[in-house]
*Asks:* 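What follows is a structure written as structure tokens; I'll ask about it next.
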Amino acid sequence: MDLSNSSPVITDPVAISQQLLGGLPSNLMQFSVMPGGYSSSGMNVGVSRLKIEEVLVNGLLDAMKSSSPRRRLNVAFGEDNSSEEEDPAYSAWMAKCPSALASFKQIVASAQGKKIAVFLDYDGTLSPIVDDPDKAVMSPVMRAAVRNVAKYFPTAIVSGRSRNKVFEFVKLKELYYAGSHGMDIMAPSANHEHSAEKVTKSLLQVVSGIEGATVENNKFCVSVHYRNVAEKDWKLVARLVNEVLEAFPRLKVTNGRMVLEVRPVIDWDKGKAVEFLLQSLGLNDSENVIPIYIGDDRTDEDAFKVLRQRNCGYGILVSQVPKETEAFYSLRDPSEVMEFLNFLVRWKKHSV
Ligand SMILES: O=P(O)(O)OC[C@H]1O[C@H](O[C@H]2O[C@H](CO)[C@@H](O)[C@H](O)[C@H]2O)[C@H](O)[C@@H](O)[C@@H]1O
């Protein structure tokens, strides 16, 4: 795709957005408590607004605490500080989610004679997780691995970052990009971008007093980072984000790796982006195409689910700790991601 015209892979964004918005499943409709404690459906919920807010905030806080553990691992390519001996819990987890490196022969055997399409998350997959989101740079050797993969396989970056921002990190024009958790290729109607601008401003105001809290505008989505916030202040972050979102009924909050992701309440995610990319690239033939999606966080699970539902292709989770996942295989960190990508290139070079 020619990025110079900065036009993403889209068909008719307005029609698709209307279809998306019109097709909003009921479970995503906003639950609103009417004055006097009646829900929009007229049911007497008998629950005070404050009680509901407390439940929402505590739910968010539980999810924040369960997000990626505070592990200060310097895993920038070969400087992995994790202990050498195998962690029994990780070994037990790998029985269910085997290493994609150890399973490489099975993966390529199933791809023999078929087309492989590669989808790559950015943060925690191509770049190590670091404290400052602006410093999550990709190493030259990882860039070379991705560049080489793109020589043999259609390759896309699917990121929560804005499309422009993740392109600035990756710097490879020959790739396809789906930014803002897969929405940017759709160029949803401008009001999503407008909401993101407005909610960014509100979030910056409310978290400005919390040390370590930062807000990142990713065009159609906004990230509220709490990686550098003292755990005692996490509930305050959750409460403030929840309060701001009350004024934005078309936005929701989901969890990433020590980040609250503020996203439009539309039925669109990285999984839908992968389906859209496969279709628009003419790779929708599940008999002859093996999509491989590599990612590290909860938003990547939407893509893993799609591949599992299609019974075609492989999700690969990047994690150093056992996690519930829809992925088929696992890799420990970005250095193993790079090794896997290099395996793919070597296999293709020697099998043509
Ligand atoms: O979909 P991704 O490409 O994985 O992007 C998801 C989020 O990644 C970034 O945040 C994460 O990485 C940061 C840098 O390593 C880290 O500081 C932060 O704690 C992680 O959550 C990015 O800043 C977010 O906007 C993305 O949504």
*Asks:* Quick one, Ile129 and Arg227 - any side-chain contact, counting heavy atoms below 4.5 Å?
*Replies:*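 Yes, their side chains come closer than 4.5 Å.
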*Asks:* Which heavy atom of Ala196 sits nearest a heavy atom of Val222, and at what distance?
*Replies:*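 In terms of heavy atoms, the two residues are closest at O-CG2, 3.7 Å.
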*Asks:* For Pro98 versus Phe328, what's the shortest heavy-atom pair and its separation?
*Replies:* CD-O, 3.3 Å
*Asks:* Determine the minimum heavy-atom distance between Gly295 and Asp121, stating which atoms define it.
*Replies:*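 Answer, listing the atom of Gly295 first, then Asp121: CA-CB, 3.5 Å.
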*Asks:* Go through the steps to decide whether Ile157 and Leu172 satisfy the test side chain to side chain contact (heavy atoms under 4.5 Å, CB included), and finish with yes or no.
*Replies:* CA-CA 10 Å; Ile157 303 293; Leu172 295 172; over 6 Å; no
*Asks:* Apply the test side chain to side chain donor-acceptor pair (under 3.5 Å) to residues Lys219 and Asn164: give CA-CA distance (whole Å), side-chain angles for both, the deciding distance (0.1 Å), then the verdict.
*Replies:* CA-CA 9 Å; Lys219 191 171 178 182; Asn164 293 340; 5.7 Å; no
*Asks:* Assess the residue pair Ser103 and Tyr314 against the criterion (side chain to side chain donor-acceptor pair (under 3.5 Å)); give the C-alpha distance rounded to whole Å, side-chain angles, the decisive distance to 0.1 Å, and a yes or no.
*Replies:* CA-CA 11 Å; Ser103 312; Tyr314 300 111; over 6 Å; no
*Asks:* Quick one: does any side-chain atom of Trp93 pair with a main-chain N or O of Lys323 as donor and acceptor, under 3.5 Å?
*Replies:* yes
*Asks:* Answer yes or no on whether Arg161 is positioned over the face of Tyr177, meaning its NZ or CZ is under 6.0 Å from the six-membered ring centre and within 45° of the axis.
*Replies:*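 That pair does not qualify as a cation-pi contact.
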*Asks:* Go through the steps for Glu339 and Leu101 under the test side chain to side chain contact (heavy atoms under 4.5 Å, CB included), then give the verdict.
*Replies:* CA-CA 8 Å; Glu339 197 177 347; Leu101 291 174; 3.6 Å; yes
*Asks:* Can you see whether Asn311 engages Ser286 through a side-chain donor-acceptor pair at a distance of less than 3.5 angstrom?
*Replies:*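 Asn311 vs Ser286: no donor-acceptor pair found between side chains.
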*Asks:* Got Val345 and Lys151 here, is their nearest side-chain heavy-atom distance under 4.5 Å?
*Replies:* no
*Asks:* Atom CD of residue position Glu246 - does it have more than 12 heavy atoms of other residues, nucleotides or ligands inside 6.0 Å?
*Replies:* yes
*Asks:* Would you compute the distance between atom CE of Met64 and atom CG of Leu260 and round it to the nearest 0.5 angstrom?
*Replies:*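 Met64 CE to Leu260 CG: 4.5 Å, rounded to 0.5 Å.
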*Asks:* Starting at NZ of Lys114, measure out to CD1 of Ile290 and round the result to the nearest 0.5 Å.
*Replies:*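 Spacing of NZ (Lys114) from CD1 (Ile290) equals 4.5 Å.
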*Asks:* Distance from Glu216 atom CD to Leu203 atom CG, nearest 0.5 Å?
*Replies:* 12.5 Å
*Asks:* For Asn218, does its backbone N or O pair with a side-chain atom of Ser180 as donor and acceptor, under 3.5 Å?
*Replies:*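 Yes, the answer is positive, given that a donor and an acceptor are paired below the 3.5 Å cut-off.
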*Asks:* For the CG atom of Leu307 and the CG atom of Asp302, what is their distance to the nearest 0.5 Å?
*Replies:* 11.5 Å
*Asks:* Rounded to the nearest 0.5 Å, how far does CZ of Arg239 lie from CG of Asp233?
*Replies:* 12.5 Å
*Asks:* For the residue pair His225 and Val207, establish whether any side-chain heavy-atom pair is separated by less than 4.5 Å.
*Replies:* no
*Asks:* Side chains of Ser280 and Tyr176: is there a donor and an acceptor less than 3.5 Å apart?
*Replies:*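 No, no side-chain donor-acceptor contact under 3.5 Å.
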*Asks:* Could you tell me whether the side chain of Glu231 reaches within less than 4.5 Å of the side chain of Tyr226, counting heavy atoms only?
*Replies:* no
*Asks:* Would the distance check show the side chain of Asp333 and the main-chain N or O of Glu336 forming a donor-acceptor pair, the cut-off being under 3.5 Å?
*Replies:* yes
*Asks:* Parallel under 30°, tilted from 30 to 60°, perpendicular over 60°: which one fits the rings of Phe119 and Tyr293?
*Replies:* parallel
*Asks:* Can a salt bridge be assigned to the pair Glu54 and Lys235 using a cut-off of 4.0 Å between side-chain N and carboxylate O?
*Replies:* yes
*Asks:* Going by the angle between their ring planes, with limits at 30° and 60°, are Phe169 and Tyr122 parallel, tilted or perpendicular?
*Replies:* parallel
*Asks:* Counting only heavy atoms from other residues, nucleotides and ligands, does the tally under 6.0 Å from NZ of Lys201 exceed 12?
*Replies:*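 Atom NZ in Lys201 is not packed in, count stays at 12 or less.
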*Asks:* Show your reasoning for whether side chain to side chain contact (heavy atoms under 4.5 Å, CB included) applies to Ile266 and Met183.
*Replies:* CA-CA 10 Å; Ile266 58 173; Met183 268 177 283; 3.8 Å; yes
*Asks:* Would you indicate whether the side-chain heavy atoms of Trp268 and Arg263 approach each other to under 4.5 Å?
*Replies:* no
*Asks:* Return the minimal non-hydrogen interatomic distance between Ala273 and Ala178, and the atom names on each side.
*Replies:*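 Answer, listing the atom of Ala273 first, then Ala178: CB-CB, 4.3 Å.
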*Asks:* Do Met338 and Val130 belong together in a cluster built from hydrophobic side chains that touch within less than 4.5 Å?
*Replies:* no
*Asks:* If you group Ile, Leu, Val, Met, Phe, Trp and Tyr by side-chain heavy-atom gaps below 4.5 Å, do Phe340 and Val141 land in one group?
*Replies:* yes
*Asks:* Evaluate side chain to side chain contact (heavy atoms under 4.5 Å, CB included) for Glu301 paired with Thr325, printing each intermediate quantity in order.
*Replies:* CA-CA 7 Å; Glu301 290 295 330; Thr325 180; 2.6 Å; yes
*Asks:* Examine Val57 and Val244 and state if one hydrophobic cluster contains both, with Ile, Leu, Val, Met, Phe, Trp and Tyr joined whenever side-chain heavy atoms are less than 4.5 Å apart.
*Replies:*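 No, no single cluster joins them.
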*Asks:* Between Leu240 and Ile210, is there a side-chain heavy-atom distance shorter than 4.5 Å?
*Replies:* yes
*Asks:* Is there a side-chain contact between Leu61 and Val237, using heavy atoms and a 4.5 Å cut-off?
*Replies:*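 Sidechains of Val237 and Leu61: no contact.
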*Asks:* Is any side-chain N of the basic residue among Glu261 and Arg298 closer than 4.0 Å to the acidic one's carboxylate O?
*Replies:*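 Looking at Glu261 and Arg298, the cut-off is not met.
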*Asks:* Quick one: do Asp123 and Arg257 make a salt bridge, cutoff under 4.0 Å?
*Replies:*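 Judged by the 4.0 Å cut-off on N to carboxylate O distance, Asp123 and Arg257 do not form a salt bridge.
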*Asks:* How many angstroms lie between CG in Asp300 and OG1 in Thr125, if you round to the nearest 0.5 Å?
*Replies:*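 One gets 6.0 Å once the value is rounded to the nearest 0.5 Å.
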*Asks:* Look at the rings of Phe104 and Phe343 and say which category their plane angle falls in: under 30° parallel, 30 to 60° tilted, over 60° perpendicular.
*Replies:* perpendicular
*Asks:* With hydrophobic residues grouped by side-chain heavy-atom distances under 4.5 Å, do Val259 and Val262 end up in a single group?
*Replies:*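 Cluster IDs for Val259 and Val262 differ.
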*Asks:* Could you pull out the closest heavy-atom pair between Ser330 and Met94, with the gap in Å?
*Replies:*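 Minimum heavy-atom separation between Ser330 and Met94: OG-SD, 3.8 Å.
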*Asks:* What closest approach, in Å, do Val229 and Trp234 show between heavy atoms, and which atom pair accounts for it?
*Replies:* O-NE1, 2.9 Å
*Asks:* Does any non-hydrogen side-chain atom of Glu243 lie less than 4.5 Å from one of Glu53?
*Replies:* no
